[in-house]
Amino acid sequence: MKSEATYLPISLRLDDARALVVGGGQVASNKLRLLLGRCPDIAVLGPVHDPEIVSAIEAGQVTHLGDAIVPDALAPLLEKMRIVFAATDDAALNREIAALGRKMRVNLCVVDDPAPSTFITPAIIDRTPVQIAISTDGAAPVLARRLRTRIEALLPDGISRLARFMRAQREWIREVQPDTTARRRAWEAFVDGAGAEQALRGDEPAARASLEKALAGVPVSGEVWLVGAGPGDPDLLTLAALRLMQNADSVLYDQLIPPAIMDRVRRDAERVFVGKRKNHHTLPQDRINEELVRRARQGERVLRLKGGDPFIFGRGGEEMEALVEAGVTVRVIPGITAASGCGAAAGIPLTHRDCAQTCVFVTGHARADGTLALDWPSLARKGQTLAIYMGLAPLADLCAQLQAHGLPGNWPAAIVEHGTRHDQRVHVATLATLPALVKERRVVSPALTLVGEVVEHRREIHRDNL
Ligand code: SAH
């Protein structure tokens, strides 16, 4: 698992270090602001114009080393610094300083000039002790700042209060509960429960009581979470799905779960692929059930991540039954099913007052003998939409049967391929022409077939995948 990034976001210790800002204008001032408070020994070199720097010097927070910047004489000064910003308004001078700093292996940043720099500054959200650094690897600082605004909006007000409270509890909790896993679970129960709210509000006695309860009540038995991951776009995960993905000890998943969603599972969770491998069949359902039970009995919190909704053609019902029968605690989190996701992403409504009062979710999964056992007369009706899952392989048969049972050959039909994902394609045709079109365009799974006049209401709409 190799990162393609050039930069590693780390948290640099500065409370025992010296820092230097070269330059005295507004750009320098912006960098000085990052250092003030974090670093006890800050020096500024160069002519100072910025009023904030002037007042920091007057207040004794910063040492002014003079106006003259002589690169040749800088070496002894740079040597003492853990971090240096070259922020003069002279690009060539900045680069000269950077060249020197690089030779001396000092952490040095030329503002707005990553090439000669050894580090760049991320966009920072500072709710100390919580700090969030957003890096785009230098590619798009404006995007980083926009993301910062969005993330800021998500953070609860008292987040620093909560973090301070948690820091204050760490020592005694380590004494009373030496087991790392049990401790992590207690913390998770605390953060997910009422305790976090109490700490956010600043009600420390109540928060402390909640934490003690979490510590005492840590369940030793595992659980299984049947979680719907939606049709593929990670933005379509529910908040509950995301939270459980972050808390799981292990995750069982199959080919319907794209990497973009797996990326959001807790890094340390064990990943178990139970889908189809090349030339192999899917792990039989019994074996999956057994594996879920086995892991839960060992005390694991097992995430069974399923494409779309776990209870729609996902065999989630069977897994729930097996688990309950085995006495395992189960939670089920619904997900956006392929029909909803594909309809929305393709601009095709599933029902419409003019033409579709019913929407039927139907599986095109063939029986062992290859035939489709469907109630054709009820499906081949006007006034309804068919959302056909797993209907790609038997598509020709499907379209033929629907026509044989009364729908006209020019009846609208569409396929949404890789719905909601970046590589989504929509293929619009009729019952008579869809099979040939699908062959011609080499449509691949997962793909959802939609049949009915709603297809004619399709509009090209804007998709926001950010
Ligand atoms: N539980 C899932 C369905 C599992 S059956 C749900 O609720 O969506 C697998 C079928 O779902 C696929 O063969 C395909 O028909 C459909 N499907 C799942 N994800 C899809 C996607 N992103 N785009 C199109 N069809 C999808």
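Counting convention: from 1, in listed order, for ligands and their atoms alike.
Residues that satisfy the salt bridge (Lys or Arg N to Asp or Glu O under 4.0 Å) test with E456, not counting sequence neighbours, are absent from this structure.
Between F190 and F165, the ring planes lie parallel to each other; the angle is under 30°, not in the 30° to 60° tilted range.
A donor-acceptor pair shorter than 3.5 Å cannot be found between the side chains of Q131 and S11.
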Side-chain donor-acceptor pairs of residues 431-443 under 3.5 Å, sequence neighbours excluded:
| residue | atom | partner | partner atom | Å |
| --- | --- | --- | --- | --- |
| T433 | OG1 | T430 | N | 3.0 |
| T433 | OG1 | T430 | OG1 | 3.0 |
| R441 | NH1 | H427 | ND1 | 3.0 |

Donor-acceptor pairs under 3.5 angstrom involving side-chain atoms of residues 351-363: please list them, not counting sequence neighbours.
| residue | atom | partner | partner atom | Å |
| --- | --- | --- | --- | --- |
| H352 | ND1 | D354 | N | 3.1 |
| H352 | NE2 | H457 | ND1 | 3.2 |
| Q357 | NE2 | R353 | O | 2.9 |
| T363 | OG1 | H365 | N | 2.9 |

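Contacts of ligand 1 (protein heavy-atom distance under 4.0 Å) are P231, L256, G307, G308, D309, I312, F313, T337, A338, C342, Y389, M390, V416, H418, G419, R421, P446, A447, L448.
No donor-acceptor pair under 3.5 Å is formed between the side chain of D203 and the backbone N or O of Q198.
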